[in-house]
Amino acid sequence: MSQRIPIIVANWKMNKLQSDLSIFVGPFSAAIQPLLAKHKCQVGLAPTALHLSQVVQLLKGTGILPVGQNSGVAASGAFTGEVSPTQLKDIGCSLVILGHSERRHIYLEDDELILKRLKAALKEGLSVIVCVGETLEERKSGNTFKTISRQLGILKEISKADFQRTVIAYEPVWAIGTGENATPDQAEEVHFQIRNWISKEIGVDVADAIRIQYGGSVKAENAKEIMSKPNVDGLLVGGASLDPVSFSKVIEQGINLS
Ligand code: PGA
């Protein structure tokens, strides 16, 4: 089995003001440098598009990645309110989250639109985190994997080489921001199914190498147990990533598995 480098990303959503950015980055970076020196791990921060440029500057030399929360369907053009993948790259951001549950459910982004965003981001050379996840209703009616395999379907439209720049985030909708995380076993079950789907539909080598993050009410108290599962390769963290101490604890617990 290939050694998959863990990837832990803070999703700040529509939070923080400009003055909060340096207050976060300084102490956070200092807290995790010793961890990053000891353990191979990628860590990223996804502020709003408005703050991304400033975060790129603050993160210079820290090894921490600036991450976009979404990106547009083209390099430029008449798309009011959107930020293009070219613009992300231009300011020094090379990783973007796509298809987040809040984009799907609040802004009604469907698979077709997310595929357009995905293709545009990959074409620009960005790396992507593609989010999937079922609602509570879908889980209760036994349709968890039906939903997830439909959402994964867009991955059939990208090239095999593009998978080297693709991460998947499994985020059950019912676990996001609710305080109720999937149990480590529930997460592992779905992560295993996702890897299995990729193995069948894309290829065994891709399935072996691709990293699958878990997201949904991750905190320091559950990060270790979730990350100890064989098919969980990282975390996408909302609420617990807003404070530098709590996010560094998540990372410490998540990667310090020995
Ligand atoms: P949460 O959010 O950690 O606050 O549940 C996770 C996410 O939406 O990525």
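One-based numbering, in listed order, for ligands and for the atoms of each.
Residue Gly179 places no heavy atom under 4.0 Å from ligand 1. Ligand 1 lies less than 4.0 angstrom from a heavy atom belonging to Ser217. Close to ligand 1: His100, with a non-hydrogen atom less than 4.0 angstrom away.
Atom 7 (C) of ligand 1 has Glu171 OE2, 3.1 Å as its closest protein atom, hydrogens excluded (heavy atom only). Looking at atom 3 (O) of ligand 1, its nearest protein heavy atom turns out to be Gly238 N, 2.8 Å. Looking only at heavy atoms of the protein, atom 2 (O) of ligand 1 is closest to Lys13 NZ, 3.2 Å.
In this structure, NE2 in His105 is found 9.0 Å from CG in Leu108, a value given to the nearest 0.5 Å. Taking SG of Cys41 as the start and CD1 of Ile64 as the end, the distance is 10.5 Å to the nearest 0.5 Å.
Close approach of ligand 1 to Gly239 is summarised as follows: ligand atoms under 4.0 Å from at least one heavy atom of the residue are 1 (P), 3 (O), 4 (O). Taking every non-hydrogen atom of Gly177 and a distance limit under 4.0 Å, the qualifying atoms of ligand 1 come out as 1 (P), 4 (O), 5 (O). Near Ala175, with a cut-off below 4.0 Å to any heavy atom, the atoms of ligand 1 are 5 (O). Taking every non-hydrogen atom of Gly216 and a distance limit under 4.0 Å, the qualifying atoms of ligand 1 come out as 5 (O). The distance from ligand 1 to the heavy atoms of Ile176 drops below 4.0 Å at these ligand atoms: 2 (O), 5 (O), 8 (O).
With sequence neighbours left out, Ser29 forms a side chain to side chain donor-acceptor pair (under 3.5 Å) with Gln33.
Between Phe24 and Trp12, the distance separating the two ring centers is shorter than 6.0 angstrom.
A donor-acceptor pair under 3.5 Å is absent between the side-chain atoms of Arg211 and the main chain of Val167, judged by distance alone.
By the criterion of a heavy-atom distance under 4.0 Å, the side chain of Asn11, and not its backbone, is placed next to ligand 1. If you look at Ala240 next to ligand 1, there are no close heavy atoms at all, none under 4.0 Å.
Ion pair Asp111/Arg104 flagged as a salt bridge, since at least one NZ, NE, NH1 or NH2 atom sits closer than 4.0 Å to an Asp/Glu carboxylate oxygen.
Checking only distances, Thr178 never comes within under 3.5 Å of ligand 1, N or O to N or O.
Between His191 and Tyr214, the angle of the ring planes lies from 30° to 60°, which puts this pair in the tilted group.
Around the CD atom of Glu137, the shell of radius 6.0 Å holds no more than 12 heavy atoms that belong to other residues, nucleotides or ligands.
A cation-pi contact, defined as under 6.0 Å to the ring centre and within 45° of the axis, links Arg103 to Tyr107.
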